[in-house]
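Since the structure comes first, as C-alpha cells, the remarks are kept for the end.
All chains are named by letter (A, B, ...) in the order of the sequence lines, taking the proteins before the strands, and each is independently numbered beginning at 1.
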Amino acid sequence: MSLLLEAPATAAEIVAAPRRRWPVAALAALCALVGIVASLVLVAPGAASFSTVVPSATGVPYVTVPEFGPRGSYVLGYEHGATVRLSLPLHNSGRLPVTVTAVDLGGGPAPLITVRGHEGLPMTLRPGGSGELTLTISMGNCRFYNEREMQTYDGIRVEFSSLGRSGERLLPFDRPILVKSPMIVTCPDRKLDRSLNRRSSLL
Amino acid sequence: MKAVRRLLVLALVAALCVLTGASGAAAHEERESTFPPGTGIAPTYRPYDAAKPHLVVCKSDSGKRIAAMTDPKVKALNATLLPQCAFQHIQAAVDAVKTKGTNIYVLPGLYREEPSWNPPCAQSYDGGIVSYDLIVSCGEVINLVTVAGDDPKDADIVCDTALCNLQIEGTGVRMEDVVLQGGFKADGDWIKHNGIKADRADGFYLRNLTAELFRENAIYVHETDGYTLDHVNARNNDLYGILTFTSDHGLIKNCEASYNGDSGVYPGGQADVNKDSTTTGPLTRWAVEITGCESHHNALGHSGTAGNSVYFHGNSYHHNAAGFVTDSFVPNHPGMPQDHAWLTGNKIYSNNENYFERFVHSGICARKPAERGYGKGTVCPTFPVPVGTGVLIAAGNYNLVEKNEIYDNWRYGAMLFWVPGAIREDYEPFAQYDTSNGNWFKNNRLGFHPSGVVQPNGTDFAWDEQGVGNCWEGNVSSTGTVTDDHEVIPLPTCASGGSVSPIGNVTKTARNAPCATYQREDEPDPAGCDWLDSPTKPAARRDAPGEASAAPAPPAGGGNATPAAPAPSAGGSLPTTGVSALPAIAGVLLAGAVLLVHRRRTRAHP
C-alpha cells in the first residue's frame, strides 16, 4: 500500500530501471547455464546406464543351468590351454552417449581365465545403442586351484567416457559364469604338493 | 555405500558358487584311472599255518617288544618269526617277493622306511602326476611302501606279478604295535605323500598295523580288484586315512581312522557295479564293504566322490566335523554320478568338531607341517563341510539310509541336495538334473543315545526339495516329530512314490553358498559362510551316563542359515568414479542466489 503514496516515477526513471536489471539477470542466467552444463559434464559418467549383459562363449563347453543359484548359472568348461571367445553384448540404456574404452573380468591373482585380447574397443554407444564386445580369453592358471575349487565371474568391469568424462562400472551378467578347476589329469601344471600351488604366494 | 554395494556383490559372487564343491565330500589328485575287470574277490585271511612262502621284517628292538608281550599265543608266533627276520624295511621285503600269495610278517616296531625317503630314482620327480610306470619304476616318489602288481608292459591293469595276493600283517597284539610312520623332514615338510599303496595289486590283504603322518594318504588302494584291509589304524594325515580308488571287491573291516584332514575312510570312484539299476534297496553286489570301523576326529568320518555301491554297515562314526559324506562334485572320477550306497546299522553321532575354527582360523594350519601339532589332536580340514552334520549326500542316486542311529549332530542329522552335472564336467543337457534321485531315508532312529538319553540332532533332515523318488519314511525322532527344513515341499513318504521335482528350492541352494570359496591356504574363512561356524547345541540335549560332557567347542556365531545374498540390480547400478550431481545443484542454487540478491537490491533501490 505504501507504494501508492509514492510519487509516480518519471519517464526517465522508467526507462533507466531496466538498464540496471539486465546485467544482473543475464549473470544469473549465465550462472545457471554454466552450472547445468558443468553438471551435465560432471555427472555424465554417473548418469550412464547399461543393460544387464548376457554373455555367451565358444571354444569350450558352455552350459546354462537356470536353477543353479539365485539367478541360475553359466558353467564354462575349463580346458587347460584352450582359447575361448566370450561375447558380451552391451547396450546403452541411458540418455547420454558413452564410449567403452577398456574392460576387466577380474578374478584376483592367477585367475582361471585371463583376458588376452578383445574386439570392439573402443566402442561408442549412442543412447539406446547396442554393440558386441568379444573377449579372447585363455585358460592357463589351473595350477593355483585345487580340484574342487571354482571361480565365479559375476560381471565385467568397464571403463568408459561420456561427454569427455571417464567412469567405471561393473556390468553384471544376467547369470554368473562359473569356471570349475580341473583335476590334475587335465591340469599338467598342477603339483601334488599343495604348498606349491598357493595363489597367495603370488601376492 | 560403495563398500556396502561391493560387499553385496561379493556376497552374490559367493552365493552363486552354490554347492560348487561346498560339500565336505572330497576327491584327490590322481592319474587317469579305470575300473578293474571286476572278476576278483575280497581275499580272506591266510593264517601262519596256511602261509607257504613268507618273509619276515623286524626292527632292532622287535625282540625286546616281543619279550614284553603278555598274550602267550601272539608271543609264541612272534618268537617263531623273529629268527627268520631278514629285512629291516617293509619295502625291502616287498621287493623280495618271488611268489604269488606270499605273506609278509612285520614284527612289532616303528617303520620309517628310510631308504624310500630320497632314493636316486626320485631326484628328478617334479611333484606332478604320477603314472603307473613311474609307480613301478620308482614308487618312492610318492609312497613309503609300494605294492604294484601289474606288469606295465601289458595293456591291462590286472595283477600278474609275484605281488598278487600279497598279505602284509603286523604281528603285534594291537594295531599300534606295528607303526608305519611318515613324519617330517628337517625343513618341516612332509617326508612322503602316501604310507603304503597297493596299486593294481589284486588280492592284497593288509592286517594289524598303524600308518600315520603322511601328506596325503596313510593306506591307499588303487585300481585293485579284490582287497581286504583288516584291523588297520590310519591317523594323523593331512588328507585321508584310508583311501580306495577305482577298485572293486573291497572289504574294509574293524578299522580305526582318526585326525585326518579330509576323511578317515574314502572309497571314491568305486566300481559302478549297479549303474544300470534304478532300484533303491539292499544290495546284492557291492564294490566295497565297510564294517566294524570307527572313524572319529577327522574333518569327515567318511567321504567318497562317486562312492558307488558302498555297503556301509555296523560302523561307528563320531566326533568328526561331518560323519558320512558322499558326492558327485569332482570330475575325473569314474562312475559318476554317485549311486547305490547302502548305509545300515551304523552309529553316526556327535559330529560337531569344529576344526576350522580351532586350527585353520587360528593360524595353526598355516605353519609348517611339522609345527602344526599332528599327532597331538590337530586336524587341518582341506575342504569345507557343514560342521555338525551326520550324513551328507551331495548329489547322489539310489542311496539307502536305513536303520541307523543318527544322533547328537547339532546341525543336521542327514542332508541331501542336488548338483548339476556341469560341475563335474559333464555338459550334456540330461546330466544337469541326473542327481539327486531315488534316495531313501527309512527307519532310522534320530536323536536317541543308545543309553536312552535324548541327544537330538539340530534338525533331523535337510533337503533342497529337489529330485525324483527321494523319500523319508519310518524314521523316529527323539523330538517326537521328525524335524526337517522344508519351506515348500514337506518330506515325501516312500509309499507316495517320493519326490517329484527335478528342480529344487533355489533359496535353499543359495543359503548354502559362500562356503564354496573355502580353501585352507588362500580362503580359509569365506565371508558369510556359516558352515564353518559351530552349530548351536540343541537345548534338549542331555549328557549320557558317564559321558564326560562331550561338548565340542562352544557355539560361535550360532548355527542359523545365512540369508540368500541379494542379486545385484540390473543395468549397472554400481557407483562411478568420483562424480555426483552436486555441481548441478550448486549451479542452480548460485543462480537462485544471484536472482534473490538482485530482487532485494531492486526493492531496496528502486
Residue pairs passing the disulfide bond (SG atoms under 2.5 Å apart) test where at least one lies in residues 130-194 of chain A, sequence neighbours excluded: A/Cys142-A/Cys187
Modelled atom types, side-chain donor and acceptor of B/Gln466 and B/Tyr433, under 3.5 Å: no
Shortest non-hydrogen contact between B/Trp418 and B/Gln432, atoms and distance: NE1-O, 2.9 Å
B/Asp189, part contacting chain A, at a heavy-atom distance under 4.5 Å: side chain
Max heavy-atom pair count under 4.5 Å with chain B, selected residue of A/Asp174, A/Val75, A/Ile184: A/Ile184
A/Gln151 (side chain) donor-acceptor with A/Leu112 (main chain) under 3.5 angstrom: yes
Interchain contact, A/Phe144 with chain B, by part (heavy-atom threshold 4.5 Å): backbone
Heavy-atom pair count under 4.5 Å with chain A, highest-scoring of B/Arg215, B/Glu523, B/Glu425: B/Arg215
Part of A/Pro109 within contact of chain B (heavy atom distance under 4.5 Å): neither
Expected output: side-chain A/Thr101 to main-chain A/Glu159 donor-acceptor under 3.5 Å: yes
Contacting region of B/Glu216 [heavy-atom separation from chain A under 4.5 Å]: side chain
Backbone of B/Tyr220 reached by a side-chain donor or acceptor of B/Asn217 within 3.5 Å: no
Proximal component of A/Thr64, with respect to chain B [non-hydrogen, under 4.5 Å]: neither
